[in-house]
Novice: 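Encoded as structure tokens, here's the structure I'll be asking about.
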Amino acid sequence: MSAPVLWNYDLDDACYRVRLMASLAGVALTLRSVDAYPGAEHRGAEMMALNPLGRLPVLQDGALVLTQPEAMLCHLARTGPRGAGFLPQAPGPAALVQEWLAFAARDLGAAAAARMAAMLEGPGDPEVLRLSARDALRIVEDHLSAQTQRGDGFVAGAEASVADIALFPAFALSRDYGLDHDAFPALRLWARRIRALKGFVPMPGIPDYH
Amino acid sequence: MPDLPSQWTPVALVADLPVATSAGTVLQGAEVVIWRDSAGRVHAWEDRCPHRGMKLSFGFVRGDRIACLYHGWQYDGAGVCRYIPAHPELEVPASICVPAHAAAEALGMVWVAAAGTDPGSLPPGGAEPLRSLFVEAPLEVLVGLAQAGLPGAGAVTEARRDGALLHLSQGGTRIAAGMHPMGPGAAALHLVLPAGASEDRRLALVTAAAGLRRAAEAAAGTGEAA
Ligand code: FES
């Protein structure tokens, strides 16, 4: 079986989530670089045929084409030799994984938008987006503070799940959009636990030490 | 650099600064890096690398040194630069050093003060960590509300300020809050409990603290963006 193909832009936080999950799950990806900025190749004819949304990342595994990062994370966890632990099966943790995957996709979207606005002239008011991202990260901080009291180090339990990987870059890259880590001690320690996972890979702006 | 006060101020929970980690904080406008070396000692310095001014709190701890994220200069526990990766053979001049503050641990919190401050004035005893609460509101607004209790966490039977601590007895739980002024519009409370509070109670207090943050920011007009 040939390796799944990821249409990738290195500085994009959603592409990074997929590369990180693949590495943690032990899946080798074939990377196809897309010149998203400044080339806007992801909106060119070839990429639009693959993903009419005109967005990265795109993951192709055989006949399967995925355009939603959360679906990619779950697929890689399900198919990778080291992935099973990232998809807990018990009803409680499984529900929490769904909850935080949806939160990452919807409510934490402001973080990626804030970063694009701050770094790559993306649309939107950077300060409004920064405050929305702050509010969303505080919800994760409050949840992780509660998890600490339960003795759980990750959002859905004692082990890292796909939801943690979905949430991670929004916080790890927050300095890119003007949000310091100082006011998020629970997130800071959680990010450190993620960095320590076997197979962790960095991206520009996220060092692997700490 | 702005000098730290010569009274001790809590700036973090001990539990939030594990061995071989660093964190940035602000105390009355002064940026401070706190870090714990591999032997468990806590250090508090000016948060600025003498090389090009990068925040040392972005750096990483290696053994008994902290290394700057930018060009990797390494500083020992006394703040003296010991190694410059671009010039590995160089005997680094001892004049390259980071101004150090006093750092200590007491009541489950990390405290900082001006260098030379007497540790005898720190509160005695230990405590269990609850959480730190960072709020974009002046400390007096935050503490004024906190004295009436964490929202929804029971009746307040005592609220007493003692130096940098607020002692709160609420719903049968004795809470100590370390009061941390960060700047004109930002403050933190570092919350600890005596051992033995039930998990349900601790979870209720974690949630109630978030309610206090919302109330303080609403009062200060710095609340949620939405
Ligand atoms: S700024 Fe710290 S090593 Fe250069």
Side-chain angles (χ1 to χ4, degrees), chain A residues 106-111 113-114 124-153 172-193 195-196 202 204-210, chain B residues 11-13 15-18 20-26 31-34 47 55 57-62 67 69 72 110 128-136 180 182 186-188 190-191 193 197-211 213-214 217 222-226:
Chain A
R106 184 186 305 174
D107 304 293
L108 207 46
D125 178 333
E127 181 57 14
V128 170
L129 290 169
R130 191 185 75 87
L131 288 175
S132 301
R134 179 203 67 182
D135 292 346
L137 285 177
R138 280 176 164 184
I139 292 172
V140 190
E141 169 78 16
D142 292 344
H143 175 64
L144 285 168
S145 299
Q147 290 293 82
T148 303
Q149 293 297 332
R150 295 183 179 100
D152 286 338
L173 296 166
S174 74
R175 287 165 182 152
D176 286 351
Y177 54 91
L179 209 56
D180 253 334
H181 288 182
D182 304 5
F184 301 95
L187 280 164
R188 189 162 48 74
L189 293 180
W190 164 82
R192 185 164 174 265
R193 288 189 282 274
R195 282 195 195 88
I206 305 182
D208 55 353
Y209 39 74
H210 211 274
Chain B
V11 295
L13 293 178
D16 286 338
L17 192 67
T21 62
S22 60
T25 189
V26 183
E31 293 182 333
V32 176
V33 53
I34 53 175
D47 194 5
K55 281 189 172 194
S57 55
F58 290 12
F60 46 99
V61 178
R62 283 286 177 269
L69 181 65
V110 175
E128 296 295 316
L130 183 66
R131 67 173 298 180
S132 287
L133 189 72
F134 289 84
V135 179
E136 292 182 22
H180 173 185
M182 300 177 73
H190 306 288
L191 302 167
L193 305 175
S198 73
E199 182 177 309
D200 282 352
R201 180 64 180 154
R202 286 180 277 124
L203 290 173
L205 291 173
V206 165
T207 304
R213 182 183 64 217
R214 281 189 289 274
E217 294 187 348
T222 54
E224 306 201 353

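Residue numbers begin at 1 in each chain, while the letters A, B, ... track the order of the sequences. Keep in mind that this is a model prediction, so the values were computed, not measured.
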Novice: Which value, rounded to the nearest 0.5 Å, describes the distance between A:Asp182 atom CG and B:Ile34 atom CD1?
Specialist: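 Atom-to-atom, A:Asp182:CG and B:Ile34:CD1 are 9.0 Å apart.
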Novice: Using the side chain to side chain contact (heavy atoms under 4.5 Å, CB included) rule, take B:Arg202 and A:Arg150 through it: C-alpha gap first, then chi angles, then the decisive distance, then the call.
Specialist: CA-CA 9 Å; B:Arg202 286 180 277 124; A:Arg150 295 183 179 100; over 6 Å; no
Novice: What part of A:Arg130 lies closer than 4.5 angstrom to a heavy atom of chain B: side chain, backbone, both or neither?
Specialist: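 Neither; nothing under 4.5 Å.
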Novice: What part of B:Ala186 is in contact with chain A, defined as an atom under 4.5 angstrom from a non-hydrogen atom: side chain, backbone, both or neither?
Specialist: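 Answer is neither: B:Ala186 stays 4.5 Å or more from chain A.
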Novice: Under 4.5 Å between any side-chain heavy atoms of A:His181 and B:Phe58, yes or no?
Specialist: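 Side-chain contact under 4.5 Å: no.
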Novice: At their closest point, which heavy atom of A:Ala146 faces which heavy atom of B:Val206, and how far apart are they?
Specialist: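 Scanning both residues completely, I find the closest heavy atoms to be N-CG1, 3.8 Å.
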Novice: Between B:Ser22 and A:Arg188, what is the shortest heavy-atom contact and its length?
Specialist: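 It is O-NH1, 3.7 Å.
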Novice: Where is the tightest heavy-atom contact between B:Pro18 and A:Arg192, given as atom of each residue plus distance?
Specialist: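 Heavy-atom minimum between the residues: CG-NH1, 4.0 Å.
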Novice: Find the distance between CD (B:Glu31) and CG (A:Asp180) and round it off to the nearest 0.5 Å.
Specialist: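 Answer rounded to 0.5 Å: 7.5 Å.
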Novice: Which bit of B:Glu136 is near chain A, if near means a heavy-atom gap under 4.5 Å: side chain, backbone, both or neither?
Specialist: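 Both parts, backbone and side chain.
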Novice: Could you check which of B:Val26, B:Leu203, B:Leu13 has the highest count of heavy-atom pairs closer than 4.5 Å to chain A?
Specialist: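 Top count of heavy-atom pairs under 4.5 Å with chain A: B:Leu203.
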Novice: Answer yes or no: is there a donor N or O on one side and an acceptor on the other, between the side chain of A:Gln149 and the main chain of B:Leu130, under 3.5 Å?
Specialist: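 Yes, because the side chain of A:Gln149 sits within donor-acceptor range (under 3.5 Å) of the backbone of B:Leu130.
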Novice: What's the shortest heavy-atom distance between A:Pro185 and B:Phe134, and which atoms?
Specialist: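 Scanning both residues, the minimum pair turns out to be CD-CE1, 3.6 Å.
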Novice: With sequence neighbours excluded, what pairs up with B:Ser132 under the side-chain hydrogen bond (donor to acceptor under 3.5 Å, both in side chains) test?
Specialist: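 Partners of B:Ser132 by the side-chain hydrogen bond (donor to acceptor under 3.5 Å, both in side chains) criterion, ordered by chain and then number, come out as B:His190.
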Novice: Using the side-chain hydrogen bond (donor to acceptor under 3.5 Å, both in side chains) criterion, which residues pair with A:Asp142? Sequence neighbours excluded.
Specialist: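 If we apply the side-chain hydrogen bond (donor to acceptor under 3.5 Å, both in side chains) test to A:Asp142, skipping adjacent residues, the hits are B:Arg131, B:Arg213.
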